[in-house]
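Working notes, beginning with the structure itself.
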Amino acid sequence: VLLKVIELCKTPTTPEQLYLTARAYSFLGGPYAEETERYATAYLSTDGWKGLPQRTVEEEGILINQAAANRACIVSDLAAAEEHLGKLEAAISHYLEAYRLEPSQAMYAIKAADGMAQRGRKEEALAFLRQQKKSRYYTPVDRPGRWGAAGRNATFQELLNAHILKLEAK
C-alpha cells in the first residue's frame, strides 16, 4: 500500500505529494531513510499542506495545535531517517525542533536525549531530561473520560521519569 502511495505521487512537487511521499517512506523504515530524508526536507521547505487539520483540539486533557503537530511529525520522521543514516547531530537537532513544535510529546525530548547519550553526552542528556520536569506537561492533567468516567493523563511524566531511570542505570 505504501509503495502504491509513492507510485501515485510520481515525482512529488506539491506539499501534498511531498507530505504523503515522506510519510510513506518513513513508515517503510530504515532501508528508505535516504528517501525519507529527501522528501521530508523538501516538504519542510514548503508552507505545508493546508489540507491537513489546522485546528487546536483537546486530546487526553491537553490542547494540541494540529498544524504544529503535523509539522513536528515530519520533522521527527526526518530526525529518525538522519539517525538511521548516522547523522546523529542533525537528528538531535531535528528531534529538539519537533519537541519545540509539540512540547506535549515527551518522546521527542527522549529521542533527542538518546542521541546525546549515543554521542557520549550522557550527563547533558540527563540534565536536559530533568529540565523537562519544569514543563507544564509534566504535571498530570485531568482528562474527560469516555462514557462519563474521567481520569488522569500522566503520560508525559511517566515517560520522562522512566527514561531518566533508564539513562541513570547505564
Side-chain angles (χ1 to χ4, degrees), residues 19 22-23 25-30 33 36-37 39-49 52-146 149-170:
Y19 177 89
R23 294 293 292 150
Y25 277 125
S26 170
F27 285 124
L28 289 169
T36 301
E37 180 185 36
Y39 293 111
T41 299
Y43 175 78
L44 292 168
S45 72
T46 72
D47 289 335
W49 181 5
L52 292 172
Q54 305 287 315
R55 300 177 308 132
T56 298
V57 296
E58 184 177 323
E59 292 180 9
E60 296 290 317
I62 297 171
L63 291 178
I64 304 294
N65 175 323
Q66 291 178 312
N70 291 331
R71 191 158 187 88
C73 182
I74 293 288
V75 172
S76 175
D77 288 347
L78 173 58
E82 291 167 334
E83 189 175 3
H84 184 80
L85 295 169
K87 300 176 181 181
L88 208 44
E89 288 301 324
I92 293 167
S93 176
H94 283 117
Y95 281 128
L96 290 172
E97 174 66 9
Y99 183 55
R100 184 191 68 75
L101 288 165
E102 195 175 14
S104 65
Q105 293 299 315
M107 283 310 298
Y108 295 148
I110 288 168
K111 290 286 198 175
D114 280 346
M116 293 173 199
Q118 286 176 36
R119 297 286 292 169
R121 299 171 4 221
K122 176 183 168 183
E123 291 308 315
E124 179 185 351
L126 281 167
F128 171 70
L129 289 178
R130 289 179 184 129
Q131 180 69 26
Q132 303 323 301
K133 289 184 175 189
K134 295 178 182 176
S135 166
R136 66 185 175 121
Y137 299 104
Y138 184 77
T139 304
V141 295
D142 292 325
R143 61 170 171 74
R146 293 184 178 94
R152 305 270 294 158
N153 178 354
T155 304
F156 187 98
Q157 184 182 79
E158 291 167 359
L159 287 170
L160 197 65
N161 289 341
H163 209 69
I164 289 170
L165 290 173
K166 180 182 167 186
L167 275 180
E168 286 174 338
K170 285 186 176 182

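For the numbers below, each heavy atom of this structure counts, side chains included, while hydrogens, waters and symmetry mates do not. On a predicted model such as this, the values are computed, not experimentally measured, just so you know.
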Asn153-Tyr137 side chain donor-acceptor pair, cut-off 3.5 Å: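 No pair is found: no donor N or O on one side chain lies under 3.5 Å from an acceptor on the other.
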Residues His163, Leu129; criterion side chain to side chain contact (heavy atoms under 4.5 Å, CB included); working and verdict: CA-CA 8 Å; His163 209 69; Leu129 289 178; 3.8 Å; yes
Once you round to the nearest 0.5 Å, how far does [atom1] of [X] lie from [atom2] of [Y]?
X	Y	atom1	atom2	value
Leu126	Lys170	CG	NZ	10.0 Å
Thr155	Met107	OG1	CE	12.0 Å
Ile164	Leu159	CD1	CG	11.0 Å
Ile110	Lys166	CD1	NZ	9.0 Å

Any residue meeting side chain to side chain contact (heavy atoms under 4.5 Å, CB included) with Arg121, in chain and number order, not counting sequence neighbours: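 By the side chain to side chain contact (heavy atoms under 4.5 Å, CB included) rule, Arg121 matches Glu89, Ile92, Met116, Arg119, Glu124.
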Asp142 vs Arg152, side chain to side chain contact (heavy atoms under 4.5 Å, CB included): CA-CA, chis, key distance, verdict: CA-CA 5 Å; Asp142 292 325; Arg152 305 270 294 158; 2.8 Å; yes
Intermediate values then yes/no, side chain to side chain contact (heavy atoms under 4.5 Å, CB included), Phe128 and Leu96: CA-CA 11 Å; Phe128 171 70; Leu96 290 172; 3.5 Å; yes
To check you understand the geometry: which heavy-atom pair defines the closest contact between [X] and [Y], and what is its length?
X	Y	answer
Ala68	Asn65	N-OD1, 2.9 Å
Ser26	Thr36	N-OG1, 3.2 Å
Thr56	Leu63	CG2-CB, 4.1 Å
Ile64	Ser104	CD1-OG, 3.4 Å
Ala125	Ala113	CB-O, 3.3 Å
Ala22	Ile74	CB-CD1, 4.3 Å

Pairs involving residues 71-86, ordered by first then second residue, that meet salt bridge (Lys or Arg N to Asp or Glu O under 4.0 Å) (sequence neighbours left out):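 Qualifying pairs: Arg23-Asp77.
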Residue pairs passing the salt bridge (Lys or Arg N to Asp or Glu O under 4.0 Å) test where at least one lies in residues 99-112, sequence neighbours excluded: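 Pairs touching residues 99-112 that pass the test: Glu97-Arg100.
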Check whether any side-chain heavy atom of [X] lies under 4.5 Å from a side-chain heavy atom of [Y], and answer yes or no.
X	Y	result
Leu78	Glu37	yes
Leu52	Gln66	no
Leu88	Gln118	yes

Mutual orientation of the aromatic rings belonging to Tyr39 and Tyr25 [parallel < 30°, tilted 30-60°, perpendicular > 60°]: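 It falls in the parallel class, under 30°.
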When you measure from the side chain of [X] to the backbone of [Y], do you find a donor-acceptor pair of N or O atoms at a distance under 3.5 Å?
X	Y	value
Thr139	Arg136	no
Asn70	Pro53	yes
Lys133	Tyr138	no

